[in-house]
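First up is the structure itself, then whatever we jot down about it.
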Amino acid sequence: MAKEVKKEMSFMDHLEEFRWVLVRSAFAIVIMAVAAFFFDDFIFDTILFGPKDPNFVTYRFFCELSQKIGVESFCVEELPFKLQNTEMEGQMSLYIWTLILVGFILAFPYILYQFWNFIKPALYEKERKNAKSFIFISSLLFFTGVLFGYFVIAPMSVNFFATFSVSEVIVNEININSYIGLIKTSSIASGLFFELPIIIYFLTKLGLVTPKFLREYRRYAIVIVLILAAIVTPPDVVSQTIVAIPLLILYEISIIISSVVYKKQQQLNE
């Protein structure tokens, strides 16, 4: 069935509607940030400062795994660094922006819903009926990516940078903003990257990407993923492989999704 156009909207109408999408999304983030305020001790002491503890679940898992398979131990016995605040308003600013970021993560499904409503008039009726599936899958991918970034990328990065030293003369006293920034960037960037299949779906529908293009540039994608894995992990093959494999799988899934969408569009155009 063709797309239904109930009312022709001008550019300014679309702009006004998009503005309200942003307003409602920002309001949802603020509400979730306020809710996070009541769990601030857990957010900071348990979650954000978790990777600083040598007994963090990721370190224990890789330690036990490395011992079982008989390779060089990945056990973390000490993370030799201290956190410090160097600005008068530093902790307050950090506190507020962290709660806002937590609010964004918690409000992500609602933000998706708002953007879906914005683009819904341009979709076919069958596609509009898939709203719940779209929001569920997109949210699942995002939260999976956030967890992957937090439990895999972040602790590997913290361990590597905390134990790396050019001289015993230098003492690691890390700025709190630098540490929190690493945790937040690892988690959010990973969450957004896990949205790659969804992004490819829409790019294919818009005709900006084809499965042929994705296959032809697969080799470059592999190189980029390996470079990213090398940047965010310690310089060993095992750590880089652990990070690279899920990202490469996502790319292959994106190719499959692009192929399905492309074939359907070709059939509609015939």
Problem - CD (Glu216) with more than 12 external heavy atoms under 6.0 Å - result: yes
Check: For Ile200, does its backbone N or O pair with a side-chain atom of Thr204 as donor and acceptor, under 3.5 Å?
Finding: yes
Taken to the nearest 0.5 Å, the spacing of Leu192 CG from Ile198 CD1 works out to 13.0 Å
**Request:** Compare all side-chain heavy atoms of Phe104 with those of Met32 and state whether any distance is below 4.5 angstrom.
**Result:** no
| query | Considering only heavy atoms from C-beta outward, does the side chain of Asn172 approach that of Lys82 to under 4.5 Å? | reply | no
Taking the six-membered ring where the residue is Trp, are the ring centres of Phe39 and Phe42 under 6.0 Å apart?
-> no
Q) Quick check: does any side chain N or O of Thr58 sit under 3.5 Å from a backbone N or O of Pro155, one acting as donor and the other as acceptor? A) no
Heavy-atom nearest pair, Leu112 first then Ile135, reads CD1-O, 4.1 Å
Handout entry: Side-chain donor or acceptor of Tyr217 paired with backbone N/O of Lys212 under 3.5 Å
Key = no
If we only count heavy atoms from C-beta on, is the Trp20 to Gln114 side-chain gap below 4.5 Å?
no
All heavy atoms of Val158 vs all of Pro51, minimum pair found to be CG1-O, 3.7 Å
Phe108 atom CZ: more than 12 heavy-atom contacts under 6.0 Å | yes
| query | Is there a donor-acceptor pair under 3.5 Å between the side chain of Thr210 and the backbone N or O of Phe213? | reply | yes
Practice prompt. Flag the pair Met156 / Val243 as yes when at least one side-chain heavy-atom distance between them is below 4.5 Å, and no otherwise.
Written response: yes
Tell me if the aromatic rings of Phe142 and Phe194 count as close, with their centers under 6.0 Å from one another. no
**Prompt:** Hey, would you say the Phe56 and Tyr150 ring centroids sit under 6.0 Å apart?
**Reply:** yes
**Item:** Exercise: do Gln91 and Tyr95 side chains pair donor with acceptor under 3.5 Å
**Value:** no
query = Is the backbone N or O of Leu140 less than 3.5 Å from a side-chain atom of Thr144, with the two atoms forming a donor-acceptor pair by type?
reply = yes
Rounding to 0.5 Å, atoms CG (Asp53) and OG1 (Thr46) come to a distance of 10.5 Å
Notebook entry, point to check: Is the shortest heavy-atom distance from the side chain of Ile188 to the side chain of Ile105 under 4.5 Å?
Noted result: yes
Heavy-atom side-chain proximity of Glu77 to Pro54 below 4.5 angstrom:
no
Whether Lys52 engages the ring of Phe81 as a cation-pi pair (distance to the six-membered ring centre under 6.0 angstrom, angle to the ring normal within 45°) should be assessed. yes
Value for CG (Leu79) from CG (Asn55), rounded to nearest 0.5 Å, stands at 10.0 Å
Query raised in the report: Quick one: are Ile43 and Leu99 in side-chain contact, heavy atoms under 4.5 Å?
Result: yes
Using atom types as modelled and distance alone, determine if a side-chain donor or acceptor of Ser25 lies under 3.5 Å from a backbone N or O of Val21. yes
| query | Under a 4.5 Å cut-off applied to non-hydrogen side-chain atoms, are Ile31 and Phe27 in contact? | reply | yes
Q.
Whether the Ser259 and Arg215 side chains hold a donor-acceptor pair (N or O, under 3.5 Å, no angle test) is what I'd like checked.
A. yes
* With distance as the sole test, does Gln84 use its side chain to make a donor-acceptor pair with the main-chain N or O of Glu173 at under 3.5 Å? -> yes
Practice prompt. Verify the ring-centre separation between Phe202 and Phe134: is it less than 6.0 angstrom?
Written response: yes
